[in-house]
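For reference, the structure discussed in these notes is given below.
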Amino acid sequence: MKKAAADKAPLKAQPDAPGFEDALKRLTAIVERLESGELSLEQSLSLFEEGTRLSRSSQAQLDAAEKRVEELLAIDASGQPVVRELDPE
């Protein structure tokens with residue numbers, strides 16, 4: 001059951017993970033190859049695993065970006081913008 005809990009934990013982008021745009025391009029290429037139906041089962045599984053890793057990394061990057069936007073757009077109870085330093089990334 002530890003694996004299930006780990007799957008739901010927020011992921012941080014790996015330092016060696018590709019940038020979001022590069023990951024999206026690679027994911028598109030993976031989907032096209034998988035949909036072609038010309039791969040062996042082992043090749044398909046390998047690409048599926050790579051795609052899953054890229055997808056999780058990309059989602060972590062999107063989540064981090066969303067959090068930054070929410071922090072930048074935050075408004076306090078009196079309607080004033082909340083100003084504070086963001087963590088440099």
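Numbers here are sequence positions counted from 1.
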Who passes side chain to side chain donor-acceptor pair (under 3.5 Å) against Ser40, sequence neighbours left out? Gln43
Going by side-chain hydrogen bond (donor to acceptor under 3.5 Å, both in side chains), name the pairs with one or both residues in residues 44-53, residues two or more places apart or in two chains. Arg26-Glu50
Atom pair CD (Gln59) and CG (Leu62), whose distance is rounded to the nearest 0.5 Å: 5.5 Å
About how many Å separate CG of Asp22 and CG of Leu27, when rounded to the nearest 0.5 Å? 11.0 Å
Would you say Pro18 and Leu54 make side-chain contact, with heavy atoms under 4.5 Å? yes
Looking at Ser55 and Gly51, would you say the former's side chain and the latter's main chain have a donor-acceptor pair under 3.5 Å? no
Scan the side chains in residues 29-37 for donor-acceptor partners under 3.5 Å anywhere in the protein, sequence neighbours excluded, and list what turns up.
residue : atom : partner : partner atom : Å
Ser36   : OG   : Arg33   : O            : 2.6
Ser36   : OG   : Glu38   : N            : 3.3

